[in-house]
Amino acid sequence: MVEMWMGQIVAQEYGADGDAEAGYGHVRKPGLDISHGVALYLDGISVSFDGFRALNQLTLAIDVGELRCIIGPNGAGKTTMMDVITGKTRPDSGQAWFGQTIDLLKLREAEVVAAGIGRKFQKPTVFEDLSVQDNLELALKTDKRARRTLFFRLSGEQRRRVEEVLELIHLHDQAARRAGDLSHGQKQWLEIGMLLMLNPKLLLLDEPVAGMTDAETERTAGLFTSLAGKHTLVVVEHDMEFVRRIAHKVTVLHEGSVLAEGSLEQVQANERVVEVYLGR
Amino acid sequence: MAVAPSSSNASSAHGARAQLQPPTAFLPPWGWATLLLFLLLICVAAPVLALAVPHGSNLHLSQYWVALAGKILCYAMVALAMDMVWGYAGILSLGHGLFFALGGYAMGMYLNRAMTAASGNLPDFMQFMQWTHFPWYWQGTEHFAYALFLALAVPGLLAFVFGFFAFRSRIKGVYFSIITQALTYAAMLLFFRNETGFGGNNGLTDFKVLLGFPVGTMAMSVALFVASGVALAGMFLFARWLVRSKFGRVLTAIRDAESRVMFCGYDPLWFKLGVWTASAVMCGLAGALYAPQVGIINPSEMSPANSIEIAIWTAIGGRGTLIGPIVGAVLVNASKSWLTVAMPEAWLYLLGGLFIVVTLFAPYGIVGLWRQWRLRHG
């Protein structure tokens, strides 16, 4: 009996990616549990900076595989919300859950990444002195401990993954180029590509098409639409044309809480949204 | 799969296939050729010119030149070690002279013990202090292998412990540089004290025997020179391997965008600590080769100015390249040897001026200028 127990615990601990079935009532399944269809759930999050309420009882649920756009005027709390999700800012009150079981408010930044959340910052940050393919290779989901990197070589499968993402971000003929020499839009793509190499369940994208040409914006819209379903995407964007192209569902933030939610037509028809955006 | 070379923008996602570039060669052909030439010069040409060519001949290499060149090769190793942390990982150390000096002291301990074993006399500083026994931490230093181990392990261990706390606390940039400066200064004060047991401000000297062979002969100078050249070549190959590995590319990434490295799931601590410790060990070996060639090791090697000079060699030669610091260390020290004889008072002004000029107009040093020139002229 005891032996069986041990065996099962060992099997569970060393099972592939924690996908083993959790057989015991109170033993929590390791890894992300999205069996109830919710990828991200924020409940009553409040954040104040020196008396300024950046987030005010923010409650938000994002479904698995959804592509959600977050819009709102400056100071509505969009970036603060991302900071809370990625462990950069601790809220004064409220809860943040990734799937059913992962309490985001207990994790540090690197642990949030390991749990399966990727974040793109407003300003593109890539490794300028390395080639495009090196940038992707470094982001590749693999053992990231220092001693493992000394003798690391890409396996055939990993090479194909890098090539796949290179094509996805339209940089297939730029593999050997120095990342610092890319255009602004291409850097944005490269950063998105690096997020994809991490294979996150949830992608947080802060103004991903800022500084892109119309053609690049259009391609990005196509990319995001193709990613939705496999990944969950949360996009903060000001470019309404872009939002119109990609969004199924839009959330409008205002003064740190949700003002309206629905399709773009619905929220644009909402009187209070019009008020906020156009002034009284 | 044949794709028509025309129609550049018609890449509908399935048209053009991505093709990863194969990694570049470990060294280009001219790189291997240069390395081979260097080794031939060091291991064959120099010994022949120094030992086989008679004294009167114009081609004869005097012992002065052999010792000077050997000393400069040790400096080149330190500059290379410095470049790995500064040029690649973006960590500016102003205390690398400490690791170098510790390696020198470890070897100096062995040389003192060997002298005592051969002549029966205790080192001068012990006679002066009226000590009849070596302090406990001199235990075992009469064995060459153990002293060599200490020369590598003591700088390595010190760097590891210091680096662990500094990098874990995320101390960066100028703050880190200042702390390293303070560290070497504190060590210098400690070694200046006679009670510390390393010869006080005179340091360790009076080297007579190394591995049973007399020190100070032409043959010994040539042997140490060859050992230094081979060690430098070995360190160069090691550095080349390290910076080309994924580990090395993560270091470059940390230098350029540390937050993104963390958001890729790496912990920068272990990468910084790894290269920092390796660099200190390299300095220790350089110091161990330096002490017998110069004939003395004393606390002035730990002075902050010495460590700053190491950074200057690296900057002048070109950081972020592996050949740059070697070129910088050789050129600066060769001109120093010449100028401090010809115009002693001008040297410091020249060094300072050169550093300012390089910082302002050639951020990648001599090697950077040369690369620019090559780009412009084909």
Side-chain angles (χ1 to χ4, degrees), chain A residues 86 108-114 118-121 124-142 144-154 159-160 162-168 170-177 179-180 191 194-195 197-198 215 219 222 226, chain B residues 3 5 7-24 87-90 163 167 170 238 241-278 319-321 364:
Chain A
T86 52
R108 288 177 295 117
E109 281 143 311
E111 292 168 335
V112 171
V113 178
R119 178 176 183 183
K120 202 198 90 55
F121 293 98
T125 39
V126 296
F127 307 132
E128 307 243 329
D129 234 13
L130 297 175
S131 69
V132 168
Q133 72 183 49
D134 277 345
N135 267 270
L136 293 178
E137 188 187 327
L138 289 197
L140 177 77
K141 186 171 180 160
T142 176
K144 300 281 171 82
R145 280 176 296 178
R147 61 198 151 91
R148 298 277 178 212
T149 61
L150 281 173
F151 298 98
F152 179 85
R153 298 190 65 139
L154 281 179
R159 287 182 70 86
R160 278 191 292 283
V162 174
E163 288 171 349
E164 196 180 297
V165 170
L166 270 175
E167 277 168 42
L168 211 55
H170 302 284
L171 290 175
H172 38 72
D173 48 0
Q174 315 273 348
R177 204 156 164 218
E191 196 180 2
M194 289 165 77
L195 290 189
M197 293 303 301
L198 291 165
R219 278 180 169 184
S226 71
Chain B
V3 179
S7 70
S8 57
N9 256 343
S11 54
S12 65
H14 304 287
R17 296 284 305 170
Q19 201 73 64
L20 292 197
Q21 299 297 312
T24 50
Y88 286 89
F167 297 136
R170 300 193 181 174
F238 167 74
W241 169 77
L242 190 76
V243 300
R244 276 169 45 88
S245 70
K246 188 177 173 188
F247 185 96
R249 282 173 284 156
V250 173
L251 288 180
T252 311
I254 289 172
R255 183 192 69 195
D256 291 343
E258 188 166 348
S259 66
R260 174 50 71 197
V261 173
M262 289 196 279
F263 268 98
C264 281
Y266 296 97
D267 186 348
L269 169 66
W270 299 103
F271 291 88
K272 290 180 178 177
L273 197 53
V275 75
W276 173 251
T277 306
R319 61 202 162 100
T321 69
Y364 297 100

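Chain A is the first sequence line, chain B the second, and so forth, proteins listed ahead of strands; every chain is numbered from 1.
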Practice item. Using the test salt bridge (charged side-chain N to carboxylate O under 4.0 Å, His left out), find all partners of B:Arg255 that sit at least two apart in sequence or belong to another chain. Key: A:Asp129
**Study point:** Pairs of heavy atoms under 4.5 Å with chain B: top-ranked of A:Leu198, A:Asp134, A:Asn135
**Key:** A:Asp134
**Study point:** Interchain contact, A:Val126 with chain B, by part (heavy-atom threshold 4.5 Å)
**Key:** backbone
**Study point:** Side-chain heavy-atom pair A:Leu150, B:Trp241 within 4.5 angstrom cut-off
**Key:** yes
Study note, to complete from the structure: The interface call for A:Glu137 against chain B, heavy-atom contacts under 4.5 Å, is both
Practice item. Using a 4.5 Å cut-off on heavy atoms from C-beta on, say whether the side chain of A:Glu163 contacts that of B:Leu20. Key: yes
Point to revise | Contact class of A:Leu154 relative to chain B, heavy atoms under 4.5 angstrom | key: side chain
Check your understanding: What's the shortest heavy-atom distance between B:Ala257 and A:Phe127, and which atoms?
Key -> O-CE2, 3.6 Å
Practice item. Heavy-atom distances under 4.5 Å only: say whether A:Thr142 touches chain B with side chain, backbone, both or neither. Key: side chain
Check your understanding: Which answer fits A:Ala139, side chain, backbone, both or neither, if we ask what part of it has an atom under 4.5 Å from a heavy atom of chain B?
Key -> both
Point to revise | Gap between atom OG of B:Ser245 and atom CZ of A:Phe151 - 0.5 Å precision | key: 8.5 Å
Review point. Looking only at atom types and distance, does a side-chain atom of B:Gln21 sit under 3.5 Å from a main-chain N or O of A:Ala175, one as donor and one as acceptor?
Key: no
Point to revise | Pairwise distance SG(B:Cys264) to CE(A:Met194) - rounded to 0.5 angstrom | key: 4.0 Å
Exercise for review: Name all residues meeting the salt bridge (charged side-chain N to carboxylate O under 4.0 Å, His left out) criterion together with B:Asp256; count only those two or more places apart in sequence or in a different chain, and write none if there are none.
Suggested key: none
Point to revise | Interchain contact, B:Leu242 with chain A, by part (heavy-atom threshold 4.5 Å) | key: side chain
Exercise for review: Assign the ring pair A:Phe121 / B:Phe263 to parallel, tilted or perpendicular, where the plane angle (0 to 90°) is split at 30° and 60°.
Suggested key: perpendicular
Exercise for review: Supply the atom-to-atom distance B:Arg249 CZ to A:Leu130 CG, rounded to the nearest 0.5 angstrom.
Suggested key: 7.5 Å
Point to revise | chain B contact via A:Leu168 - which portion, at a heavy-atom distance below 4.5 Å | key: neither
Check your understanding: Can you tell me how far the CZ atom of A:Arg145 sits from the CZ atom of B:Phe271, to the nearest 0.5 Å?
Key -> 11.0 Å
**Study point:** Atom pair CG (A:Leu138) and CZ (B:Arg260), whose distance is rounded to the nearest 0.5 Å
**Key:** 12.0 Å
